[in-house]
Amino acid sequence: KPSLPCLHPASSSSGGSCAWRLRRSLRSMADGSSSDENVEASAAAPAPADDGAAGAFPSQYDDQGMSSFDRLEADLRGAQLRIICEMPDGSVQEVLCNMGHDVMYAKGQLARKTEIDFGRLKLFMDGKLMFDPLSFNDFSDIVKLPTKEVRVQVQVDPE
C-alpha cells in the first residue's frame, strides 16, 4: 500500500509517512471527519482497549487531574518553602517558593512586594550570603529542616 506524502513542513521531501500525519489523522477521526488519510491512519493505529467507553481516547490525566508532565514538574519544583525575610527597617516580609527555585527567584518575589530594585537586595542565612544561582536544594541547612520554613536577613544596598 503506498504511503501518503508527509505534509509536515519540517519533514523531508522524500514522501514518507510521519508521526505528525498520523496524529493529524487521528484528530480528524475524533472530530468525525473522514478521508483517505483517516482510513490509512486507522489501519496503522492499534485498536483502543475496550474499557467501557467505546471510541474514547485514553486520558492523559491521572485521577488527580495531573499529566505525567505535571507530576515531573512538581517533583522538580520540590516542597513548598516559606522564607521569612527580616528587612533592615525591622519589618518582616514572607516569600513563598519551592525548594527547586533559586535564590534569584525569591529575591525577585521580594523585590515585587517591597518595590525595592532587585539588584539592591542581598539575602543572608546565618550570616552567610545566599548566592543568586544556587537553588534552595543547595543549602543543606534548609534541606534538613522538617518544616520548610527559614528566616533570612535582607540587606538593601544604597542606590
Side-chain angles (χ1 to χ4, degrees), residues 6-12 14 16-31 41 44-53 55-159:
C6 178
L7 303 175
H8 190 266
S11 71
S12 66
S14 64
S17 62
C18 73
W20 175 82
R21 187 170 53 87
L22 180 61
R23 282 192 304 271
R24 196 178 100 213
S25 299
L26 291 173
R27 270 191 235 117
S28 298
M29 288 171 55
D31 293 340
D50 185 22
D51 61 349
F57 287 98
S59 175
Q60 64 183 4
Y61 300 99
D62 65 9
D63 56 345
Q64 297 171 344
M66 292 178 70
S67 70
S68 59
F69 179 76
D70 294 332
R71 285 189 302 278
L72 178 64
E73 183 181 23
D75 288 343
L76 292 174
R77 265 194 315 253
Q80 186 173 26
L81 176 65
R82 182 174 175 233
I83 304 171
I84 300 163
C85 302
E86 299 170 351
M87 302 299 292
D89 65 2
S91 66
V92 174
Q93 295 289 331
E94 184 178 304
V95 174
L96 295 176
C97 60
N98 295 88
M99 289 294 293
H101 282 123
D102 55 19
V103 174
M104 196 175 343
Y105 178 85
K107 282 175 51 177
Q109 297 298 315
L110 184 61
R112 283 190 194 119
K113 282 186 169 192
T114 61
E115 297 182 0
I116 298 172
D117 184 45
F118 171 88
R120 295 177 53 211
L121 295 172
K122 290 183 183 169
L123 302 182
F124 292 85
M125 184 175 70
D126 300 327
K128 298 176 197 162
L129 178 64
M130 300 175 79
F131 292 102
D132 287 352
L134 297 178
S135 82
F136 293 105
N137 284 316
D138 295 322
F139 296 92
S140 60
D141 292 342
I142 297 174
V143 172
K144 289 186 244 178
L145 293 172
T147 58
K148 299 300 181 207
E149 182 175 307
V150 65
R151 290 185 98 60
V152 299
Q153 296 73 41
V154 179
Q155 177 182 320
V156 180
D157 289 340
E159 290 184 57

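Count residues from 1 along the sequence.
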Visitor: Nearest 0.5 Å please: distance from the CG atom of L81 over to the CZ atom of F139.
Guide: 10.5 Å
Visitor: How far does NZ of K148 sit from CG of N98, to the nearest 0.5 angstrom?
Guide: 12.0 Å
Visitor: Which heavy-atom pair separates A106 from L123 by the least distance, and what is that distance?
Guide: CB-CD1, 4.5 Å
Visitor: Let me have the donor-acceptor pairs involving side chains of residues 126-134, under 3.5 Å, with sequence neighbours excluded, atom names and distances please.
Guide:
from : atom 1 : to   : atom 2 : distance (Å)
D132 : OD1    : K107 : NZ     : 2.9
D132 : OD2    : K107 : NZ     : 3.3

Visitor: Give, for atom CE of M99 and atom CG of D138, the distance between the pair rounded to the nearest 0.5 Å.
Guide: 9.0 Å
Visitor: Do the side chain of R151 and the main chain of E86 share a donor and acceptor less than 3.5 angstrom apart?
Guide: no
Visitor: Could you tell me which non-hydrogen atom of P88 sits nearest to which non-hydrogen atom of V156, and how far apart they are?
Guide: CG-CG2, 3.9 Å
Visitor: Check whether T147 reaches the backbone of E149 with its side chain - one donor and one acceptor, N or O, closer than 3.5 Å.
Guide: no
Visitor: Closest approach of I83 and F136, non-hydrogen atoms and distance?
Guide: CD1-CZ, 3.5 Å
Visitor: Please give me the minimum heavy-atom distance between G119 and D157, naming the atom from each residue.
Guide: O-OD2, 4.5 Å
Visitor: Working to the nearest 0.5 angstrom, can you tell me the gap between Q93 CD and I84 CD1?
Guide: 12.0 Å
Visitor: Please report the shortest heavy-atom distance between S135 and G100, naming the atom on each side.
Guide: CB-O, 3.8 Å
